[in-house]
Every structure is written in structure tokens, then in C-alpha cells.
Amino acid sequence: MSRTAREQLAVSAHGLGKRFGRTVALDGLDLAVPAGTVYGLLGPNGAGKTTAVRLLATLTTPDAGSARVAGFDVAEQPEQVRRSIGFAGQHAAVDEGITGRENLVLVGRFHHLGAREARLRADALLERFGLAAAADRLVRGYSGGMRRRLDLIACLITQPPVLFLDEPTTGLDPRSRGEIWDAVRELTYGGSTVLLTTQYLDEADRLADTVMVLDHGRTIAEGPPGRLKAEIGTRVQVVVDDVTQLHVAATVLAAVTGGEPISDRDSRQVETLSLPGREVLLPALVRELDAAGVAARDVALRTPSLDDVFLALTAERQAA
Amino acid sequence: MSVSTLSPRPAAPADRSTPGPLRRTALDAATSATRVLLYYRHSPALLAVSLAVPVVMVVLFGYVFGSAMQVPGSGDYREFLMPGLFAMVAINGITPTMVGVARDVERGATDRLRSMPVSRFGVLLGSALADLVIGVAVLVPLVGVGLAVGWRMRNGLADALAAFALLVLFRFVMTWLGTFLGLAAGSEQMAGQLAVLTFPPAIVTNVFVPTGGMPGWLRVIADWNPASAVVAACRQLFGNPSAPASAWPLQHPVVATLLWSAVLLAVFAPLAARKYSTHGR
């Protein structure tokens with residue numbers, strides 16, 4: 001990779017590895033996150049997401065490989081890295097016994113801002129993220145969503161170029177998740193680079209420019225969410241009136257999509273994923289079904305969710 | 001201290017100048033101390049309980065135990081007891097420190113701090129100093145109640161101040177021990193359980209009774225317990241009744257207290273700082 005290309009990466013990693021005792025938490029992670037983008041690390045519990053973020057945020061040291069954040073080596077220049085990042089861990093790490101404003105001012109002071117400056121920035125952030133009214137209340141009385149938002153904006157007090165958010169919405173109700181999503185989007189308008197981890201595929205789908213799917217400490221897929229979904233094809237479902245027509249419908253579906261349809265007699269439904277790259281159009285499918293004499297009650301084409309992507313990828317790995 | 005009363009500085013640029021190591025340690029210690037003290041400011045009840053518990057102990061031990069206690073040399077038991085309670089309060093200071101540190105680890109506050117460009121030693125030093133402020137505050141009502149129940153400082157102001165200085169030093173040492181144990185515990189619940197274990201070392205001392213009547217093996221432990229040296233030093237400096245001592249630390253209690261403090265600090269402050277830096281590695 002050329003020197004300029006490397007400099008434009010906000011986060012990069014090469015062969016990053018970490019083991020805890022006998023457990024391999026991260027097994028040779030390569031990462032390239034361009035500045036100003038949102039990058040999503042996706043995977044189930046134990047996939048290595050948190051370990052990756054902790055390594056990049058200098059909270060842990062790697063056993064293998066190297067990584068650079070905002071141009072600084074995480075092992076050689078941890079201080080410079082810490083000056084360039086905001087980190088929000090899995091729990092909202094806010095102090096409950098003090099007010100929201102005091103939380104933010106303390107974070108500013110720990111970044112060695114002057115008292116006045118820290119306070120001005122705290123006030124501006126509280127205002128911008130809708131916490132001004134609660135600024136002088138003890139955090140103990142905040143809702144889960146408010147705590148999370150406060151935790152998130154605590155990262156912003158120094159306007160760092162790189163933000164690490166570890167499962168920013170885990171445990172929140174849908175409304176609070178929406179609030180956090182809005183907040184994360186707002187961050188990127190300021191030009192920050194965001195690396196977030198999540199177990200929720202819709203979250204990565206909504207927020208991330210690029211997604212990496214991790215499983216057992218290894219990368220199993222990477223790319224824009226749209227491309228990952230295109231790679232596994234379109235989900236096609238047909239519900240028939242007469243259960244005896246299921247196998248006919250399945251034959252038609254196989255011919256049109258190139259997939260391997262699965263029938264379910266109870267729901268009288270046949271379902272498949274189309275072959276990647278094969279275009280499936282609804283009118284054509286309906287015509288074919290009609291020509292075969294299938295009385296279809298419902299025909300649905302659906303872009304696969306990242307859940308489908310994830311299940312397809314992990315199934316492939318298990319089969320392999 | 002309010003964070004907004006510190007001297008204002010012109011608006012910092014995005015690439016703010018980084019303070020030198022010493023200044024950074026001092027700045028981070030000040031911020032860290034502010035953080036702990038803000039807690040107390042927002043929970044007057046917590047402070048009230050911290051202040052009230054030692055006072056209750058005077059009544060409990062002074063009058064319940066005292067009613068059946070003979071002090072060597074026909075001294076007054078409550079006067080014998082007060083230096084013991086001063087030291088006991090310092091030992092009990094371990095618990096809130098330990099629980100607070102463990103809570104920070106558990107709730108991610110420690111990770112958040114460690115992801116920032118702070119002096120990690122400064123952060124620990126700051127919370128230790130804040131604990132010390134509370135520790136001194138707790139002594140005030142205890143001294144008042146002590147005076148009310150007949151305890152006196154009989155050797156003059158200089159010796160009394162020396163005794164209080166030793167107590168403050170001991171509290172400072174206990175704070176580092178508490179910090180280390182809190183980091184080792186890693187969770188609030190575990191720290192709460194560990195707190196029970198601070199009870200025996202506080203009791204196997206000369207705090208409540210002279211060590212002379214204990215079985216031989218137990219007496220050795222009590223005589224060489226750092227807390228016993230502190231208590232003996234206070235009894236000596238305050239001119240309060242004390243039992244004849246055979247063990248070296250109790251014969252030279254002031255020197256022994258200073259030595260114990262130096263050793264414990266030299267062990268636990270670096271251990272705590274190391275544990276803090278390498279947590280979760």
C-alpha cells in the first residue's frame with residue numbers, strides 16, 4: 001500500500017492477534033478503515049469484536065501483528081493514539097452519583113482542557129444532543145438511552161478524529177436505539193471516523209459504510225452492506241393455495257432463481273435464495289407460476305437482511 | 001472543590017498543547033480527586049453515615065466492652081480505646097475505596113479513563129488524596145466524641161499533631177491497599193465480600209484489648225500487625241494508658257509505624273498502579 005493511501009486510513013491493522021490463555025480471541029485481523037467513514041464490526045458474542053476495539057483503543061496489547069490509529073502505532077505510540085480517539089465501551093461508563101454536566105466536564109479536564117473550555121464544550125454538546133434540560137440532574141435518574149447518549153458525547157468533548165463504539169445500543173429499547181443511531185450519524189457529519197461493533201445486523205445496515213463479519217476471531221466477509229447482501233442473492237417466497245402444488249412451485253422457483261427451494265407443508269410455503277448475480281423479476285416469476293398452473297396466494301421478493309448474510313456465511317463455514 | 005473555579009485558560013486549540021509529565025500527573029490527580037469529592041457533595045447522606053459510624057463505635061465499644069474491661073495500670077478504658085478507634089477508622093477506610101475502585105472497573109469507568117491521555121498514577125493518586133480528605137473529616141467528630149467521653153491528649157500539641165499525622169499516613173497507606181484489592185476484586189460484589197475479610201486483621205490487634213492475654217501464636221500476629229504499631233504510637237503520643245509491650249514494634253511504635261507505612265506503600269502503590277495499567281490485558 002502506498003504511503004499516501006496509508007495516511008488516509010483512520011484505522012489500519014495487519015495480522016492483529018490476541019489470545020487469552022488458550023482462547024484465541026482474535027486471529028490475524030486485517031483492517032483498513034478510510035477516514036470519515038463508519039465501519040461496522042459484526043458478529044456473535046465471542047467473535048472477537050470487543051477484543052479488536054480494545055486493542056485499537058490501547059486498552060490491551062496485541063500478541064501478534066500491528067495497528068495504526070489516526071496515523072499512530074498502537075503499541076509504540078499509545079499516548080498519541082489516546083489523544084486522537086474517543087472510546088465508549090460496552091457499558092455506559094458514566095458516573096451515576098454526579099450530574100451529566102459534571103461527567104462531561106471531568107472528561108474534558110482529563111483531556112487537559114482548561115476548566116472554562118471544558119465547561120463550554122460540555123454545554124454545547126448537552127445542547128446539541130438534547131440533554132441540556134437534564135444537565136444538572138444526577139445521572140442516577142437518567143433513562144438507559146440518556147445514559148448511553150451521555151456516554152457517547154463524553155467521547156466527543158475533544159472532537160477526536162477516530163471514535164470506537166463497542167455495542168453502542170446493546171440492551172436499549174427500540175426508541176433509545178433510534179436516538180443513538182441519530183447521534184452516531186450526527187458524529188460522522190463532523191468528519192469523524194467511527195468504528196462500531198454490534199450484534200444487530202440492522203444497526204450495521206443502517207449506520208455502516210463498510211461491514212466486516214467476524215466469527216471466532218477471523219474475518220469471514222467484508223464489504224458495503226449492499227454488496228454483501230447482493231452476494232447472497234434475493235430471497236424469494238411463494239405461498240400456494242393447494243398444498244399438492246408445492247412441488248410444482250418449487251420446480252418453477254428453482255428454474256427462475258437457480259436456487260435450491262425449501263418447502264414447508266404447514267405454511268404451504270416454498271422459499272429460496274436466488275443465485276448471486278441472477279436477476280429475479282416479480283412479473284416474470286408470476287407468469288412462470290401461472291403457466292405451470294400454480295395458484296399462488298402470495299409471492300414475495302425480498303432483499304436479504306444482513307441476518308441472512310450472517311446466517312449464510314456462518315452456515316458455509318460450518319459446512320466447510 | 002468545584003471544577004469551574006479553577007483558573008480559566010484561553011480556548012484550547014484542537015491540537016492542544018500537552019502538559020509535561022509532572023504537570024500532567026498533578027492535573028489528573030486534581031481532576032480525579034474532584035471526581036470522588038463530587039460524589040460526596042451530591043450524597044450528603046453518604047457523608048453523614050461516614051461521619052456517624054465512628055461515633056456509634058465509641059458508644060458501642062466504649063460502654064459495652066468498657067463496662068467489663070480492666071486496663072493495665074488502672075487507666076480508663078475509653079481513654080485506652082480511643083487511639084484504637086482512630087486506627088480502626090483508618091482501616092475501615094479500605095472498604096469504600098475498594099468498592100469504589102471495583103465499581104469503576106465493572107462499569108467501564110476505568111476503561112474510559114485508560115483510553116484517555118491521562119497519567120494513570122495521577123488518577124490513582126487523586127482518588128487516594130480525596131479519600132484522605134474524607135478520612136480526616138471522619139476524624140473530626142470522632143475526636144469530639146472522644147473528648148466528650150473522657151479521652152484526653154495529655155502530652156501537648158506537638159505530640160498530638162504527630163499522632164494525627166501518623167493516623168493520616170496510615171489512612172493513606174490503607175487507601176492504596178484498598179485500591180489494589182478493588183482492582184483485584186474486579187466487581188462490586190466481589191469487593192463487598194472481600195471487605196468482610198478486613199475485619200479479622202482489624203480485630204487481631206491491640207485496638208480493643210492488650211495483646212498480653214492472647215494465646216502465644218495469636219499474640220505474635222497481633223504484636224506485629226501494622227495497625228497495632230499505629231495504635232501503640234497514638235497511645236504513646238497522646239499519653240493514653242497502654243499495656244506493657246515485649247515485641248519490638250510495640251516498644252518503638254512510632255518508628256515501627258513509619259517503617260510499616262513505608263514498606264506497605266512501597267509494595268501496594270506500585271502494585272496498584274501496575275494492576276491499573278495492565279487491567280484486562
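Lettering of chains follows the sequences in order, A, B, ..., and the numbering in each one begins at 1. Owing to the predicted nature of the structure, the values given are computational and were not obtained by experimental measurement. Hydrogens, waters and symmetry mates play no part in the numbers below; they use all other heavy atoms, side chains included.
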Enquirer: Chain B heavy atoms under 4.5 Å from A/V107: which part of the residue, side chain, backbone, both or neither?
Expert: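 Both the backbone and the side chain of A/V107 come within 4.5 Å of chain B.
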Enquirer: How about B/L22: does its CG atom have over 12 heavy atoms from other parts shown lying under 6.0 Å from it?
Expert: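 No, CG of B/L22 has 12 or fewer neighbouring heavy atoms, counting only those of other groups under 6.0 Å.
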Enquirer: Please name the pair of heavy atoms, one in B/R120 and one in A/T58, separated by the smallest distance, quoted to 0.1 Å.
Expert: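 Distance-wise, the nearest heavy atoms are NH2-O, 4.4 Å.
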Enquirer: In terms of heavy-atom contacts, does CD of A/E127 have more than 12 from other residues, nucleotides or ligands at under 6.0 Å?
Expert: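 No, not enclosed.
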Enquirer: Measuring heavy-atom distances to chain A, does B/S32 have an atom under 4.5 Å in its side chain, in its backbone, in both, or in neither?
Expert: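 Both the backbone and the side chain of B/S32 come within 4.5 Å of chain A.
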Enquirer: Counting a contact as any heavy-atom pair under 4.5 Å apart, which residues of residues 143-154 of chain A contact chain B?
Expert: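 Residues A/D151, A/A154 are the ones that qualify, each having a heavy atom under 4.5 Å from chain B.
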Enquirer: In this structure, are over 12 heavy atoms from other groups packed under 6.0 Å from B/R274 atom CZ?
Expert: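 No, not enclosed.
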Enquirer: Residues in ring-ring contact (aromatic ring centres under 6.0 Å, His included) with B/Y39, at least two apart?
Expert: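 For B/Y39, no residue satisfies ring-ring contact (aromatic ring centres under 6.0 Å, His included) once neighbours in sequence are set aside.
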Enquirer: Show me the side-chain donor-acceptor pairs of residues 93-106 of chain B shorter than 3.5 Å, one per line, residues at least two apart or across chains.
Expert:
{"residue": "B/T97", "atom": "OG1", "partner": "B/G93", "partner atom": "O", "Å": "3.1"}
{"residue": "B/T97", "atom": "OG1", "partner": "B/D131", "partner atom": "OD2", "Å": "2.8"}
{"residue": "B/R103", "atom": "NE", "partner": "B/E188", "partner atom": "OE2", "Å": "3.4"}
{"residue": "B/D104", "atom": "OD1", "partner": "B/R35", "partner atom": "NH2", "Å": "3.0"}
{"residue": "B/D104", "atom": "OD2", "partner": "B/R35", "partner atom": "NH1", "Å": "3.0"}
{"residue": "B/D104", "atom": "OD2", "partner": "B/R35", "partner atom": "NH2", "Å": "3.1"}
{"residue": "B/E106", "atom": "OE1", "partner": "B/E188", "partner atom": "N", "Å": "2.8"}

Enquirer: May I ask you to test the A/E102-B/R41 pair for a side-chain heavy-atom distance under 4.5 Å?
Expert: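 Touching, per the 4.5 Å side-chain cut-off.
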Enquirer: Is any residue of residues 87-101 of chain A within less than 4.5 Å of chain B by heavy atoms, and which ones?
Expert: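 If one takes a 4.5 Å heavy-atom cut-off, the residues of residues 87-101 of chain A near chain B are A/F87, A/A88, A/H91, A/A92, A/A93, A/D95, A/E96, A/G97, A/I98, A/T99.
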Enquirer: Contact part of B/L46 toward chain A, heavy-atom cut-off under 4.5 Å: side chain, backbone, both or neither?
Expert: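 For B/L46, there is no contact with chain A at all, as no heavy atom is under 4.5 Å.
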